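What follows is a single structure, written as structure tokens, with notes after it.
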Amino acid sequence: MLFHTGRKNARKGLNIVIVGCGKIGSILTEKLYKEGHDVTVVDTKSERLQSMAEQYDIMEVEGNGASFQVQKEAGVENADLFIAVTDKDELNLLCCTVAHFNGKCAAIARVRTPEYSEEVGFLKSKLDLAMVINPEQQTAHEIARILSLPEALGVNSFARGSVEMVRFKIPEGSILDGKTLIQLGSYSDNDVLICAVERDQEIFIPGGRFVLRSGDVVSFIATMPDARRFFGWIGIRTFAVRKAMIVGGGKTSYYLSRLLIENGIGVKIIEKEISRCDELGELLPQAEIICGDGTNAEVLAEEEIGQADAFIPLTGLDEENIMLTLYAADVSDAKVITKIQRRTFHNVISRLQLGSIIYPREITAEAIVAFVRGMTASRDNDNIETLYHMFDNRVEAVEFSVRAESKATGVMLKDLELRDNTLVACIIREGQSRIPRGQDVIRTGDNVVVVTTHMGLHVLDDILK
Amino acid sequence: MNIAIVLYTLGSVLEITGGLLLLPALIALIYGESTLLVFVLTAAGSFAAGWLLHRRRPNNMTFYVKEGFVTTALSWLMISLVGCLPFYFSGAIPSFTNALFETISGFTTTGASILNEVEALPVSCLFWRSFSHWIGGMGVLVFLLAIIPISGGSQMNLMKAESPGPSVGKFVPKVMATARILYLIYFGMTLTELCFLILGGMPFLEALMITFGTAGTGGFGVRSSSIGGYSPYIQWVVAVFMLLFGVNFNFYYFILLKRARAAFKMEEVRAYLVMVAAACLMIFLNLHHQMQGMEGILRHSFFQVASLVTSTGYATVDFDQWPGFSKMVLILLMFVGACAGSTGGGLKVQRILLLFKSYLRQMQMFLHPRAVRRIKYDGKSVSDEMAASVQTYLTAFLLFFGVSLVLVSLEGKDPVTNFTAVLTTINNMGPGLNLVGPAKNFDCMSTLSKYVLMFDMLAGRLELYPLLLLFHPALWKETAQKQARLRRKNNDR
């Protein structure tokens with residue numbers, strides 16, 4: 001063929017209608033388009049549609065996504081999936097309800113107001129939604145997870161937290177420097193598997209003879225206790241976060257504070273607007289709410305930024321968040337987490353000392369992409385439970401729940417012909433996770449975590465050559 | 001400008017042209033004509049040149065508007081140059097200018113000919129001439145988009161540059177699928193007409209060539225008398241299909257989706273049909289004193305109206321002999337042209353509608369200066385930019401028309417000939433009036449005029465902007481500066 005086509009294009013794409021192309025809508029469009037689906041975007045703002053259409057091969061429809069006629073024009077009748085991600089919860093729910101009258105598509109709505117998010121189960125069943133997404137809540141969960149292992153740059157959990165993918169940077173002079181993975185296995189009796197290594201912008205899915213160096217960014221998979229023990233063994237300072245300082249009192253702050261308070265971590269929120277401070281005080285009686293400008297060094301000093309174990313700026317501006325973490329890293333030893341919305345300047349940002357970086361948009365998009373891949377694979381086949389894109393979208397970690405016999409099941413792993421740069425990282429059976437060895441076998445009913453540089457795994461068999 | 005991507009795409013276009021040239025070669029083989037060698041060699045040369053350009057995939061595969069325009073303009077120049085070689089080398093059309101004129105006229109679906117004796121041409125050349133109408137009708141780049149997957153959304157800029165009409169949209173999210181649907185409709189309708197013509201007793205190859213001429217709204221006949229020498233049945237079939245190919249293809253897509261009501265609600269299609277009916281009636285009333293036989297008058301007026309409104313240019317009679325009123329109606333129809341998103345030429349009914357609505361709004365504004373009124377089209381508000389862009393297009397069109405007219409007048413023919421020659425080429429019609437009337441041809445024009453008219457044909461088919469941008473000095477100045485900067489950078493290294 002004259003132009004290259006990827007393996008993923010072999011499958012027929014789904015018809016997907018997305019209402020609202022704000023921050024979440026645009027990243028969903030990008031990801032789903034790149035997965036090979038037919039995407040139609042509905043929005044009331046023609047300029048936004050225009051800029052989307054210039055970047056991606058999609059169809060754009062101008063209008064109110066909750067209107068029956070507009071939905072008809074967007075082809076909801078023949079759509080497989082309908083996603084409503086405008087900035088209004090009520091509108092999103094209405095869009096999905098109307099969509100059900102228009103066709104038989106699965107519907108996903110963004111619902112992020114705390115009042116509604118407590119009733120997610122009710123909404124899902126009564127309005128027949130396939131999924132409810134709450135980016136702020138998902139972001140809060142991710143931040144809380146990192147705070148439970150503050151030594152790590154990033155923590156992603158699989159199988160409802162029974163096993164974690166942990167990312168960290170090997171410090172100068174670490175005992176890991178110069179060791180091969182085989183040596184590592186013989187030194188330590190920890191159940192830890194190194195899945196991916198980034199060195200000088202390059203990604204490796206390492207084999208046994210791979211030599212680690214200080215400065216490498218390493219992702220490994222392990223249970224939470226094993227990960228802690230591993231960090232202790234390689235001599236990385238471990239500590240528990242007891243006091244966290246959050247700047248900005250938005251929805252993410254609220255969700256995060258609730259999680260932290262549940263885990264017994266003290267929370268201090270600095271918020272500018274007095275009215276919002278009142279609301280937060282009402283909602284979070286255990287948290288300390290400070291009314292002040294969190295971007296002011298005086299305010300931060302007065303509130304003793306140096307005493308906090310974790311510092312998390314959650315303002316709406318990327319620039320502010322970046323400046324604040326840089327400042328915090330300078331004046332305290334706190335664990336810093338930077339929330340960034342825009343990916344555009346990723347290259348520049350990754351060179352700064354920003355601690356753990358969180359991209360809320362990516363988190364939501366990954367959840368939906370995982371769901372859509374599950375839809376694409378035939379019904380009774382394996383389902384994708386979780387999906388993470390790591391290392392700047394160059395590595396994918398996928399958790400399959402294996403439902404049926406296939407070529408990859410019932411065979412010892414050492415006898416499977418895996419594709420290059422693909423690794424079976426973990427098998428979770430009856431709630432017990434284990435790092436697989438060559439003799440292990442994948443069975444139906446298992447959950448399997450696969451790490452690969454090939455994007456677009458849909459079913460477990462895709463790991464085979 | 002990203003020259004690499006332009007050349008790369010031109011490479012694919014040349015490869016495709018090479019492939020298309022094999023069809024007339026096949027005809028030459030079947031008929032045992034000596035043109036076989038010429039066609040095969042041209043095909044091979046075109047393919048080889050395309051392959052050379054296409055070897056290296058550029059790093060940046062994005063088409064911005066300017067790359068889309070330049071690629072489109074250059075592609076059309078290129079296929080015209082390659083396409084004229086068989087005529088020239090086989091000796092079928094000995095003069096290069098004439099061969100180029102005939103080819104451009106073919107690809108742009110104009111159908112203006114320089115041939116005095118059509119029947120004298122080898123069958124394979126006749127076929128290639130008609131086939132070029134079919135290719136040019138829907139467009140080479142749309143064909144390219146239908147068969148070659150290009151990633152990213154920017155290739156829409158290619159389709160926008162090539163497809164006629166002020167607002168080119170998609171049927172389905174993917175450009176490739178849209179282009180395929182377009183070609184599917186095009187192919188299906190072509191096949192239907194072919195069947196109808198064969199049912200009327202026309203030989204297969206002749207029916208095929210006439211169908212190509214109708215489908216692309218081109219108008220190259222295979223006889224000097226155009227469609228005049230055929231039976232009334234054939235004339236009716238051709239007239240009806242000309243009209244159908246002039247309808248916006250969105251209409252057929254709605255029909256395919258079984259949404260007939262939405263199809264017939266399209267304002268443009270309604271206006272188009274009403275306009276055709278009104279023109280027929282006027283010409284019918286104007287003619288029926290002078291000629292005998294109701295059916296004949298009706299058929300001739302309908303045929304000529306359908307032919308000129310869709311910019312096909314077939315004729316059943318020499319309408320140059322008609323009374324002044326009828327000729328005037330036909331000239332006005334030439335200006336309006338067919339629907340946007342069809343294979344026809346002209347200003348397009350959609351633009352005329354928008355212009356008319358802008359005019360009405362302006363009148364309203366004089367009466368009620370504070371009134372807030374939006375222009376509505378198909379029940380939707382039209383943005384002011386859209387309305388303004390249509391007005392700009394009309395201005396550009398008239399300016400272009402005026403300059404061409406002055407240049408053509410230099411050779412000293414009468415005003416009617418000059419005016420209709422420019423009109424008929426810029427709107428991709430075919431025949432004009434007087435010296436370039438339906439019974440005559442363009443061979444009488446001077447070489448300069450021929451080149452001006454060729455330019456008009458290309459500009460008309462691509463709706464001015466791509467070609468005008470190609471010759472816009474600023475574009476090349478910027479590109480040259482960019483290249484120089486790159487070279488300096490490389491040298492420094």
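Every chain is numbered from 1, with letters handed out A, B, ... down the list of sequences. All of these numbers come straight from a predicted model, not from anything done at the bench.
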*Residue V65(B) versus chain A: region with a heavy atom under 4.5 Å*: neither

_Closest contact, heavy atoms only, D38(A) versus K174(B)_ =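 Shortest heavy-atom separation between D38(A) and K174(B) comes out as OD1-NZ, 2.9 Å.
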
*Could you pull out the closest heavy-atom pair between K170(B) and I58(A), with the gap in Å?*
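Reported closest heavy-atom pair: NZ-O, 2.7 Å.
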
*Which members of residues 59-92 of chain A, sorted by number, sit under 4.5 angstrom from chain B on a heavy-atom basis?*
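The stretch touches chain B at M59(A), E73(A).
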
*Just how far is it from atom CD of E385(B) to atom OG of S46(A), taken to the nearest 0.5 Å?*
7.5 Å

*What option among V41(A), V39(A), T40(A) has the most heavy-atom pairs under 4.5 Å with chain B?*
V39(A)

